[in-house]
Amino acid sequence: MVTFEEAVRSVVAAIPPGEVLSYGEVAEEAGHPGAARAVGNLLRRATGLPWWRVVAADGRLAPHLASRQAALLRAEGVVVRDGVVVPSTAHRCDTGRDRPRRHP
DNA sequence: CGTGTGACCGTTT
DNA sequence: GAAACGGCCACAC
């Protein structure tokens, strides 16, 4: 049984440079779909993780860390415009949020 | 042990 | 098109 922190930590730590994932994606990958809030909460406390590679579903950065995150993402090769990640510059994992959803 | 809050997401009004 | 609402999970008090 892995704790939520462990799962999220593993997922976030597995994000390659230049790629950005959304909280919802991380939560889903962690095995806790819908726990996007919890992901943010853990990233806030968890350290040593590329939290800056985690952005909102709209590609928006955290309100308080937008500047820091933007600088870090820029260092990774991602272009951040007005506090919003540009999908074309970053590897479009979900920032386009137009990905096909399961349709039972 | 119960309540509140949060770096959220998706749908509806 | 924008705004509002509810729902999900985990942690702190």
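Chain letters run A, B, ... following the sequence lines, proteins first, then strands; residues in each count from 1.
Computed from coordinates, the A:Phe4 CZ to B:dC8 P distance equals 13 Å when rounded to whole Å. The interatomic distance linking A:Leu61 (CG) with B:dC8 (P) rounds to 11 Å, in whole Å. Going from atom CG of A:Leu65 over to atom P of B:dG6 covers 14 Å, rounded to whole Å. Here the C1' atom of nucleotide B:dC8 and the CD atom of A:Glu28 are 14 Å apart, to the nearest Å.
Note: A:Glu19 CD to A:Leu73 CG = 12.0 Å, rounded to the nearest 0.5 Å. Summarising the geometry, atom CG belonging to A:Asn41 is positioned 10.5 Å from atom OH belonging to A:Tyr23; distances are rounded to the nearest 0.5 Å.
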Query - Check against side-chain contact (heavy atoms from CB on, under 4.5 Å), A:Trp52 and A:Leu65 - result: CA-CA 9 Å; A:Trp52 58 86; A:Leu65 308 156; over 6 Å; no

Query raised in the report: What's the verdict on side-chain contact (heavy atoms from CB on, under 4.5 Å) for A:Val39 and A:Val11, showing C-alpha distance, side-chain angles and the deciding distance?
Result: CA-CA 11 Å; A:Val39 174; A:Val11 174; over 6 Å; no

**Report entry** Test log, rule side-chain contact (heavy atoms from CB on, under 4.5 Å), inputs A:Leu61 and A:Val85
**Finding:** CA-CA 8 Å; A:Leu61 310 180; A:Val85 176; 3.5 Å; yes

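Across residues 40-51 of chain A, A:Gly40, A:Asn41, A:Leu43, A:Arg44, A:Trp51 each have a non-hydrogen atom less than 4.0 Å from an atom of DNA chain B (numbered order). Near DNA chain C, meaning a heavy atom under 4.0 Å away, the residues from residues 29-37 of chain A are A:His32, A:Gly34, A:Ala35, A:Arg37.
When atom types are taken as modelled, the side chain of A:Glu29 and the backbone of A:Val12 share no donor-acceptor pair closer than 3.5 angstrom.
Running 5' to 3' along DNA chain C, contacts with non-hydrogen atoms of chain A at under 4.0 Å begin and end at C:dG7 to C:dA12.
Applying the ring pair (Phe, Tyr, Trp, His ring centres under 6.0 Å) test to every pair with at least one member in residues 27-50 of chain A, sequence neighbours left out, gives these pairs: A:Phe4-A:His32. For residues 60-75 of chain A, no pair satisfies salt bridge (Lys or Arg N to Asp or Glu O under 4.0 Å), with sequence neighbours left out. Screening residues 33-53 of chain A for salt bridge (Lys or Arg N to Asp or Glu O under 4.0 Å) gives A:Arg53-A:Glu76 as the qualifying pairs, with residues at least two apart or on separate chains.
Looking at A:Val84 and A:Asp58, their side chains never come closer than 4.5 Å, going by heavy atoms from C-beta outward.
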